[in-house]
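Heads up: the structure comes next, in structure tokens.
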Amino acid sequence: MSEPLGVAVLGAGHMGADHVRRLARTAGARVAAVADPDTGRAERAAAGLDGVRVHAEALAALHQPDVRAVLVASPDATHEEALLAAVARGLPVLCEKPLAPDPGAALRVVEAEARAGRALIQVGFMRRYDTAYRRLKALLDADELGRPLMLHCRHRNVSSPPHFTSSMLISSSVSHEIDATRWLLGQEITAVTVARPRPSSAAPAGLLDPQLVLFETDGGVLVDVEVFVNCGFGYEVTCEAVCERGTARVGDEPAMVVRSAGGARQEIAQDYLARFADAYDREVRAWVRAARAGRTAGPGAWDGYAAAAVAEAGVRALDSGRRVTVELAERP
């Protein structure tokens with residue numbers, strides 16, 4: 001394909017607008033359409049770009065003749081319909097997580113892709129494209145430190161958005177740790193337990209924040225995740241692998257240190273778009289290259305389904321206070 005890949009971006013919120021800007025500077029791609037029920041927001045996201053059509057309906061954008069690929073950044077509840085429509089048209093898709101809001105919907109997407117006979121969907125688990133995480137993955141794959149025994153993870157946000165619920169700490173925030181665990185270890189998560197300390201006074205009323213999530217894998221590795229979405233000071237994501245002959249930790253990379261007025265301070269990223277900016281860039285570039293070549297790259301629809309199944313088990317563990325086993329369907 002010599003001409004740029006015409007991409008329809010579904011959703012013009014914080015994430016969608018950021019992807020519009022990213023695609024505009026990505027070689028081999030152009031934004032052909034932006035769809036959002038708030039057409040004014042879509043127009044603002046597309047401002048300054050030539051040849052972009054704005055739609056109120058996602059499906060209208062998918063049927064625009066010059067659209068050859070789709071980036072889904074709309075609300076979770078809209079993903080299944082958009083993905084099924086894209087698969088029916090044979091359009092490659094980059095879908096921001098989650099693939100779908102529940103395992104049943106995610107499995108329907110997986111099955112539709114299988115019936116189409118072609119892998120079309122990549123899920124936006126961008127940590128797979130982060131330099132530090134990729135180095136950790138290479139180290140574990142090389143077996144330099146022996147078998148992994150445990151992973152210790154932290155996932156902290158400055159504050160949670162108004163709509164955030166206690167279950168979303170798992171289904172939204174910890175979904176990244178779910179995928180990172182499966183990818184780093186090459187193992188499936190088989191059970192989830194969630195422990196809850198007393199809520200932080202900084203958390204909105206009724207929000208169970210922080211939480212401690214424990215995964216068990218089919219390879220015998222234990223993974224603990226501290227998720228704290230109202231920590232107040234910054235966005236922090238770390239992962240430490242404890243192996244038989246050593247440990248390796250990512251997420252504490254040096255940041256700028258400012259010294260003045262008799263003191264020093266180190267900058268901490270304030271949100272995921274700042275912390276993982278390079279990873280998002282690499283992810284989109286890899287997706288565009290793959291789509292232009294007629295193939296897929298990165299985490300696929302099955303990875304999105306597996307993450308949804310683990311997250312559902314995690315939410316049940318949160319609600320029940322018990323260890324919950326993960327139930328995966330047979331892969332089509």
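Ion pairing between a basic and an acidic side chain is recognised when a charged N comes within 4.0 Å of a carboxylate O; Arg22 and Asp18 show such pairing. With respect to Glu240 and Arg154, no salt bridge is recorded, no charged nitrogen being found less than 4.0 Å from a carboxylate O. With respect to Arg118 and Glu113, no salt bridge is recorded, no charged nitrogen being found less than 4.0 Å from a carboxylate O. Under 4.0 Å is where a charged nitrogen must lie from a carboxylate oxygen, and between Glu3 and Arg68 no such pair does.
Nearest heavy-atom pair, Gly90 versus Leu120, reported as atom, atom and distance to 0.1 Å: O-CD2, 3.7 Å. Residues Val192 and Ala317 approach most closely at O-CB, 3.5 Å, considering heavy atoms.
Between Trp287 and Arg282, every side-chain heavy-atom pair lies at or beyond the 4.5 Å cut-off. No side-chain heavy atom of Tyr235 sits less than 4.5 Å from a side-chain heavy atom of Arg156. Proximity of Ser166 to Val315: side-chain heavy atoms (C-beta onward) are nowhere separated by under 4.5 Å.
Counted by atom type alone, Glu226 and His155 present zero donor-acceptor pairs between their side chains at under 3.5 Å.
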- Task: Might you work through the side-chain contact (heavy atoms from CB on, under 4.5 Å) test for Leu222 and Leu149, ending with a clear yes or no?
- Result: CA-CA 7 Å; Leu222 292 181; Leu149 305 173; over 6 Å; no

- Task: Go through the steps for Arg30 and Asp50 under the test salt bridge (Lys or Arg N to Asp or Glu O under 4.0 Å), then give the verdict.
- Result: CA-CA 9 Å; Arg30 72 176 186 88; Asp50 295 331; over 6 Å; no

- Begin with the C-alpha distance, continue with both residues' side-chain angles, and end with the deciding distance and a verdict on side chain to side chain donor-acceptor pair (under 3.5 Å) for Gln64 and Asp66. CA-CA 6 Å; Gln64 186 176 309; Asp66 58 344; 2.7 Å; yes

- Starting from the C-alpha separation in whole Å, work towards a yes-or-no answer on salt bridge (Lys or Arg N to Asp or Glu O under 4.0 Å) for Asp179 and Arg128. CA-CA 9 Å; Asp179 183 71; Arg128 297 194 187 201; 2.8 Å; yes

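Exactly one residue among Ser200, Ser160, Ser159 makes a side chain to side chain donor-acceptor pair (under 3.5 Å) with Asn230. That residue is Ser160.
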